[in-house]
Each structure stands twice: as structure tokens, then as C-alpha cells.
There are 2 protein chains.
Amino acid sequence: MARVSAIAAAQAGTERVEAERGEPTLQAVKSAKTRARLIEATIRCLVKHGYSKTTTPKVALEAGLSRGAMLHHFDSGRQLMQATLVELNKKRLRAFRRAAETKDHNVRTLVRAYWAQLLRPTFIAFHELATAARTDKELAETLEPVRLEFRERWHELAIELFPEWRQDIRRFDLSLALCQNLLEGMALNRLTNGVEERDIEAVLVHLEQQILDLRPT
Amino acid sequence: MARVSAIAAAQAGTERVEAERGEPTLQAVKSAKTRARLIEATIRCLVKHGYSKTTTPKVALEAGLSRGAMLHHFDSGRQLMQATLVELNKKRLRAFRRAAETKDHNVRTLVRAYWAQLLRPTFIAFHELATAARTDKELAETLEPVRLEFRERWHELAIELFPEWRQDIRRFDLSLALCQNLLEGMALNRLTNGVEERDIEAVLVHLEQQILDLRPT
DNA sequence: AATAAAACCAGCACGATTGCTTTTTTTATC
DNA sequence: GATAAAAAAAGCAATCGTGCTGGTTTTATT
């Protein structure tokens, strides 16, 4: 019984077998590695071909696996997509945590760190899935808790780094919304030449100043 | 000879037959209407099903036409997409022109007008195609001039409405970049619950103030 | 009214993708 | 080392989208 339920597969990981036995089996480790390889291959395909042309044969090829083996780990292509979406979220959150561990966190470095994240494949793949989720009910159901967790963790982290902002939560929320929507919008437009390269730096500088101005004294 | 070259079909319209004869033929009018119907159907499909599931049979059904008739007007599904992309651009520009014709143009009304545009199907369909264009060379080639024209016209219009901004083009460009990327980013995130509804109004108000502050005295 | 052209429709064949089943190979535990 | 289970591979049938071809109706012009 290798097949896993939709939800379990989506939330993936190695918990499955660990729950049954005390220590993780060697096979379980291998299985987890293969699943990870498939998810990584999916991400690469999403970036390279886009959602509409990311097919199961292409992913299997990219992962260096047979299609049969692939369907052994994920019952359907859709499950693979859902698991990928969850993994992409983990990646983004990990990146934030890493950025936060840097000694000097000022507004500028964090804005730049976020911007740098938006230029990486992780965000591109995430955007492909988010766009698809708009018209795909099952993907949307997976995306919803993902977005929630992302927002929560991001807020937590930000307020941890800048506790003085606790005084004025409304301005804090505004700052985060400004930062997220402006940078993500610019990142997306950039992907198809929708924004002039020379404008980017000016926008970043302006945003940094905006957030500083919003911060309580 | 009903088939049209890729470029001609993409730039579409009724010019084709008008160029051959003095006045537009009745058939040409009918043909143009049918093409328009197909393009409208494509837009609806893009909104309803997303790019990846927008197929030629679905479009034909939506347009109330046979697939054969459809391929009589557009050689391939891709040509239809390209023509749709061009038409979407026209729609967006028309909407701007309409907004500009309103008597009182202040910063606030224009920001709101743009925001209103981003909630309409036109923008959703445009985004679907823009996302697809990232990994589709032919779509990208169609999108490039479209983006260029949009930016140019938008700049022209804005500077026409607020000539005092001519004094400081750098701030003017910054304002436009801020407005476009922030609003579009928020509109896209909104499509998949990526932004809290209650934050939207605050962001809009803040953006309006930002642009006012950037305006030369 | 006749004829030609354009608009439209129905059906075909090919290729690709999908999910599943069956077989082989690898791995773990007795 | 034997055996059972998991992982991986190979093959199958069904479906779907695409582009095209042949034939029919409508429209325009003489």
C-alpha cells in the first residue's frame, strides 16, 4: 500500500512511515528522496514550460524517472501539483527565515531580500500554480491554507524583527501590503517586459523610504 | 482566399477588405463581426477556464459556432490567441481614454479608474495570456509591441491630463511605475485570496497620497 | 436569375496525455 | 539465503485537442 491520500500526499514529507514505526525506514527515506526529486522536477518544468505545458511525461523525464514510478508516488498529476504547491510555500518561508537570521535587519535589507526572492524560480513556479488555481477548484483548495500560512508566518517574522511596530498594527499591515503587492506586481510584470529595468531601482528606493516613514517613532 | 497572414490576423479588424475595395463589403462586415464574436468567446473562456483549459472546441461552443467556421477565420488556435491579445490591449486603452474624458481628472479618480479596470474580465484574460507568453515564444512576440503601445499611450494620456508633471519626468515615471505595479500586484493577489479585502482600501488611499506628494508644486 | 466567392459545417486522422495494469528489479527483514 | 514488500519500469486502452479536407449554405455581383 504505497498510495497515499490526496491530503497526506499534498502535505507530504516522511511523516507517513514514521507514524507507523518508531524510526524512519531506509525505504521511507528513499521514497521521500524520490518524491522530492519529482517535486523539484515539477518546479523546473513549471519555470521552463509553464503550467499549461507541464505534463506528466515531461516531469518524469526531467526527474530521470519512468512515468510508472512517478505514478507510484503520486496517484495523479494533480496530486503532484498540489504537493509541489505546498513545497514551494515551504521554500519561500525557509528563505524568509534565512534572511531574518542575518545579523542586521533594517528595512532596506529586508525589502531587498524579498525582492531577491521574487526573482528566483521558486516564485515563478508559485505564480504559475497560483494563476492556475484561479480556475482549478482543487488547486485552489490547496492554495488557500498555503496563502494563509504564508501571511501568518510573514507577519510573525516581521513583527519579531521590528517589535516597535506593535504600537500601530494598522500601519504595520499597510506596510506589509504595500511591500508585498508592489514588489510582486513588479516581479510579475518584469517576467514579460512589462516594466522598464531602469524604473525598478527607483521603485525599490521609494518603497524603502515609504516603510520607514510609516514606522512608529 | 479567406485565410489571413498571422500578422494581419493578429492586428485584425476590417482593414483587410477595405484596402481592396473602396467601401467595406457587407461580407467583410459579417466576417469582422464573426471574428469579434470568436475573440469575445476566447476572452470569456480565458476568464472561466484559464489559459491551460481554453481549447478550440470550447471557444467555438462559447461563440455558438462550429469549429470548422472558426478555423476559417483563424488558421490556428494560436492565431486566435494572438488576435485576442491585441484586442484586449485595445480594450484596455479604450477604457483609459473613456476615463480620461471624464471632466474632473484628479489623481484620486484616475487611480480609482485604473483599479476598477483591474477588476474587470479584460485584465484577467490579459493576465492569463501574459503569463502564458512567458514560456510561449510566439505569444511573447505578440505581447512585446502590445506592452510597448500600452505604456506609451498611458504615458501620453497621463502627461496630457497633468502637464505640470513635465517638469520632473523622473518623478512622473516613478509615479506611474508605483501605480501600475502596486495596483496590478494587488489585483492579481486578490484573484486567489492573496490579499485581505480590508487592506485594499488602505493601500489605495495611501497610493493616492503618494502620487500627490510626488507631484511638482 | 446565374455564378462565383465567401461563410459555415461535419467528419477524419494524427499525436499527445492520462490513468491504470502488469511485470521486473531492488530492498528489508526473518 | 529466502521471502515479502516496496520501488521502478513497461505497456495498454481511452480520451482529447489539433489541423485539415470535403461538402453545404449563404451572400454578393453581373
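The figures that follow rest on heavy atoms only: side chains count, while hydrogens, waters and symmetry mates do not.
Applying the 4.0 Å criterion to OP1 and OP2 of C/dC8, one finds that B/His73 has a side-chain N or O inside that range. For C/dA7, the OP1/OP2 oxygens have a side-chain nitrogen or oxygen of B/His72 closer than 4.0 Å. Listed pair A/Thr56 / C/dG19 fails the phosphate criterion, with no side-chain N or O lying under 4.0 Å from OP1 or OP2. Put simply, B/Ser66 has no side-chain N or O that comes within less than 4.0 Å of OP1 or OP2 on C/dC8.
For A/Tyr114 and A/Trp154, the ring centers sit closer than 6.0 Å to each other.
Taking a cutoff of 4.0 Å between a charged side-chain nitrogen and a carboxylate oxygen, A/Arg37 and A/Glu40 do not qualify as a salt bridge.
Distance from the side chain of B/Arg67 is smallest for C/dG11 among the nucleotides C/dC8, C/dG11, C/dG19. Considering only the side chain of A/Ala69, D/dA8 comes nearest among D/dA8, C/dG19, D/dC20. Comparing D/dT18, D/dA8, C/dC20 against the side chain of A/Thr34 picks out D/dA8 as the nearest.
The base of D/dG19 is not paired with the side chain of B/Arg78 by any donor and acceptor separated by under 3.5 Å.
Rounded to whole Å, the distance from CE on A/Met70 to C1' on C/dG19 is 11 Å. Between the CG atom of A/Leu71 and the P atom of D/dA9 there is a distance of 13 Å, rounded to whole Å.
A cation-pi arrangement is found for B/Arg92 relative to B/Phe150, the charged atom lying closer than 6.0 Å to the ring centre and inside a 45° cone about the ring normal.
With 3.5 Å as the limit, one finds no donor-acceptor pair spanning the side chains of B/Thr109 and B/His105.
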